[in-house]
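Step one of this worksheet: look at the structure below.
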Amino acid sequence: MSSVISMPPAASELAGHVDALLWSVTAITAGVAIAIIVLLVTFSIRYRRAAAVDRMMRDAAGEHRHWLEITWIGVPFLIFLGFFFWGARLYFSYESPPAESLQIYVVARQWMWKIEHASGAREINELHVPRGRPVKLVMTSQDVIHSFYVPAFRVKRDVVPGRFAALWFTATRSGEYHLLCAEYCGTDHSRMGGRIVVMEPDAYARWLESRPHESSLASRGAAKFVTFGCSGCHVGSVVVHAPDLSHLYGRTIPLADGSFVRVDERYLRDSILLPSKEIAAGYADDMPSFAGRASEEDLLELIEYIKSLAPQPTVAGAGDSP
Ligand code: CUA
């Protein structure tokens, strides 16, 4: 079907599901539309003014058929409810990246996509990923709103300055696919694109190894943890009572206001830039904000470092670890 009507190739696990849903909705609605047109034309001819036909339903004039009413209300209702649950299931899976995903950072700016792999390898307007493994992108923008769009994967997500947006996919076919910006972001918006290169897992591991990279994101973060002065309070300080950050990532921790929060990239980022927002229970609000001092890249490196202090979900294959 996709060759008849111009559709992008389907190259991710989600793509097959999205297409199946799209074509099912299209088929049902097209079927109903065709049935209405056929009946409209048939009745127009059969019951035209000059036609000598019985215009009363012979055996049903005045009779109320409950089963008929229930059927024509109930059947469409159940069909559309089915579509709702089908779509909702897809949506929830699209919103829940598997824990063992390979994580890659994306920083958008006018007008390019900057990619940071955990190994420290960088790319611009190109993203290499292994086939058959979930990949989670943690994305942010340095300036305006952009939108990360890969038609072949059927994924799109706005990338907003000041916060992280996550998007995940599992590529199913190796090859090259379009990467586009789908949010008008200024003069060169239409040229803010690139390509996604899906490689076999071993080829990907070799590619990652061959990329020039001096040190991993986490080890650069470890250095910045010292230069920004984080270590002064967070590592064995007797003067300042600051939380120990090891074994923190991935846990759910209590906050001073009685609520709980899961320590993920979003929480770590906000804790660095807006430290008063969510105070860990048992600690005082005395950390200074690093907004304006830490760049987006500093943040990614610091977060990767703090993540590296906690046990990582391990996955066989694909060499993503530094
Ligand atoms: Cu970035 Cu449009």
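We count residues from 1, following the sequence as given. It should be emphasised that the depicted structure is a prediction, and the values quoted were computed from it without experimental measurement. For ligands, and for the atoms within them, numbers begin at 1 and follow the listed sequence. We use all heavy atoms of the structure for the numbers below, so side chains are in, but hydrogens, waters and symmetry mates are not.
- Residue side and main chain included, Cys185 places an N/O/S atom under 2.8 Å of atom 2 (Cu) of ligand 1.
- Glu209 and Arg206 are not joined by a salt bridge, as no carboxylate oxygen comes within less than 4.0 angstrom of a charged side-chain nitrogen.
- A salt bridge links Glu95 with Arg157: the closest approach of a Lys/Arg side-chain nitrogen to an acidic carboxylate oxygen falls below 4.0 angstrom.
- Remark: Arg269 engages Glu296 in a salt bridge, criterion side-chain N to carboxylate O under 4.0 Å.
- For atom 1 (Cu) of ligand 1, the nearest N, O or S atom contributed by His146 is named ND1.
- Rounded to 10 degrees, the O-metal-ND1 angle spanning Glu183 and His189 at atom 2 (Cu) of ligand 1 equals 90°.
- A donor atom on one side chain and an acceptor atom on the other are found under 3.5 Å apart for Gln103 and Glu265.
- For atom 1 (Cu) of ligand 1, the set of nearby N, O or S atoms under 2.8 Å includes one belonging to Met192.
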